[in-house]
S.K.: 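What follows is a single structure, and I will ask about it in a moment.
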2 protein chains.
Amino acid sequence: MPRRIGRVSEASAAPARTRIQREKREIILEAALDVFSTHGFRGSTIDQIADACGMSKPNLLYYFRGKEDIHETLMLRLLETWLAPLREFDNVGDPLTELRGYIRRKLEMARDYPRESRLFANEILQGAPRIRAMLEGELKQLVDEKAEIIRAWMRDGKIARTDPRHLIFAIWATTQHYADFDVQVRAVLGPDRGGDGRFEDAARFLEQLFLNGLSPRS
Amino acid sequence: MPRRIGRVSEASAAPARTRIQREKREIILEAALDVFSTHGFRGSTIDQIADACGMSKPNLLYYFRGKEDIHETLMLRLLETWLAPLREFDNVGDPLTELRGYIRRKLEMARDYPRESRLFANEILQGAPRIRAMLEGELKQLVDEKAEIIRAWMRDGKIARTDPRHLIFAIWATTQHYADFDVQVRAVLGPDRGGDGRFEDAARFLEQLFLNGLSPRS
DNA sequence: GCAATTTTTGACCGGTTGGACAAACGTTAG
DNA sequence: CTAACGTTTGTCCAACCGGTCAAAAATTGC
């Protein structure tokens, strides 16, 4: 006798129950990531998402309460993945090595998760209406914390003195650029270096820029 | 006797327009820039734009053929403004001074024309459906040209050897970041340094990063 | 096989959106 | 004034979009 479950899309303390339900929700989220990341929230339609995963619209709405619900679920999941590299950033080991590691991880994320990057960029571009609180709370706190680590390195003369928070911005900007502005990057590089090799070129360049730029001045 | 002009929105070889028509079109474009840059193309409505400039929708459609037409006009105009700093970039004078000038100009554009920056970012994020050709043609050509200037500096040992095109990407990314990700930047910096002072901090940081990062290695 | 439950679907609905249109209004030259 | 043209508006429409609903279909436990 099946245990009482009912509509999956109903809000409840305990999330989706059966294996099939979890799988279907996953398929929907996968398709939604594709659609939302390329058209933005308002530019995407439930029909597009439903088509993208071979489902009818009402069927999709059986698994999620609505468009907003899908987007929110996607966003919450994204944020965890997105902050992970910065959380890893620590003051064990050599400062320049640590920075290089962070740059590398961020660039790998731009390469491996470009849709997530674009989804995030879309949200910020439009004023971050759904994650404003998180930016001013969790993110700010995390950045402040890491900036303090960097500042300590500067005090110890291990790296050049600069504004640590703008340093973090610069790392974000340069790495995410390869995901968010991918079309432009490909267009400018042309077919010759438009393959995946551009990420290796970028890694080389960024390491040189940041490591030379931050080496302690004698 | 008024010379034959007719509907302003009609496509015609010569954009023969009265003074009033040119002014009204300007007002509309100004409002449209506001709306498109914060909601994206699909996320914006003609009604929003009409309201923003105190006009009725049909009245607005008397001056432009449609939503697409407004966006296209805005986009064409934007591109000229957008490429200007790169065009100015030349090999007269000291390389590092020239680079600093370019970074400064780009950062000033991010400060003074954030809406244009976001409009551009929106277009690229969504795959640049309307300006793909321009990216692969005009822009690529311009970048190649400037990259050659930078490469010559490297051959002369005036700046450190790196990939010139990724250098340009890095300058674009870091400067435009302050316009496109403004909400995030403000949130992280907090109220203390969230004023316009952040652009001065950014200028100082970016100059240090790029000039130290590119000084010829002894 | 049967009944309870989950999943899928087609039909439908109200609201929004881009746009058309003709009629009204304003302006200007003779 | 009047004719001709430019400008503005109210009204309307077809397409789209998010979402509901009841009923059909498939699945599951026994």
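In the text below, chain A, chain B and the rest are named by the order of the sequence lines, each starting its count at 1.
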S.K.: Give the rounded distance in Å between these two atoms: CD of A:Q21 and P of C:dT5.
M.R.: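 In whole Å, C:dT5 P lies 15 Å from A:Q21 CD.
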S.K.: Rounded to whole Å, how long is the line connecting atom OH of A:Y62 with atom P of D:dA26?
M.R.: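 Whole-Å distance recorded here is 16 Å.
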S.K.: If I take atom CD in residue A:E23 and atom P in nucleotide C:dT6, what distance separates them, rounded to the nearest angstrom?
M.R.: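 About 17 Å, once rounded to whole Å.
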S.K.: Runs of at least three consecutive Watson-Crick or G-U pairs, both distances under 3.5 Å, are what I'm after; which ones involve DNA chain C?
M.R.: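 Ordered by first number, the stems with DNA chain C (at least 3 consecutive pairs each) read C:1-30 with D:1-30.
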S.K.: Does C:dT6 have its OP1 or OP2 closer than 4.0 Å to a side-chain nitrogen or oxygen of A:Y63?
M.R.: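 Result: no.
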S.K.: Under a 4.0 Å threshold between the charged nitrogen and the carboxylate oxygen, would A:D201 count as salt-bridged to A:R204?
M.R.: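 A salt bridge is present here (some side-chain N lies under 4.0 Å from a carboxylate O).
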S.K.: Round to the nearest Å and state the distance from B:H39 atom NE2 to C:dT17 atom P.
M.R.: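 These atoms are roughly 11 Å apart.
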S.K.: Which residues, if any, of residues 45-57 of chain B bring a heavy atom under 4.0 Å of DNA chain D?
M.R.: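 Within residues 45-57 of chain B, the residues near DNA chain D are B:S56.
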S.K.: Less than 4.0 angstrom from a charged side-chain N to a carboxylate O is my criterion; do A:R104 and A:E207 meet it?
M.R.: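 Judged by the 4.0 Å cut-off on N to carboxylate O distance, A:R104 and A:E207 do form a salt bridge.
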S.K.: Around atom CD of B:Q141, are there more than 12 heavy atoms of other residues, nucleotides or ligands at under 6.0 Å?
M.R.: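 Result for CD/B:Q141: open.
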S.K.: Between C:dG10 atom C1' and A:N59 atom CG, what is the distance in whole Å?
M.R.: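 Checked: the CG to C1' distance equals 12 Å.
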S.K.: Return each pair, listed once, that meets salt bridge (Lys or Arg N to Asp or Glu O under 4.0 Å) where at least one residue sits in residues 162-172 of chain A; pairs must be two or more places apart or across chains.
M.R.: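 For residues 162-172 of chain A, and leaving out neighbouring residues, the salt bridge (Lys or Arg N to Asp or Glu O under 4.0 Å) pairs sorted by first residue read A:D144-A:R165.
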S.K.: Rounded to the Å, how far apart are B:E68 CD and C:dT17 C1'?
M.R.: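 After rounding, the reported distance stands at 14 Å.
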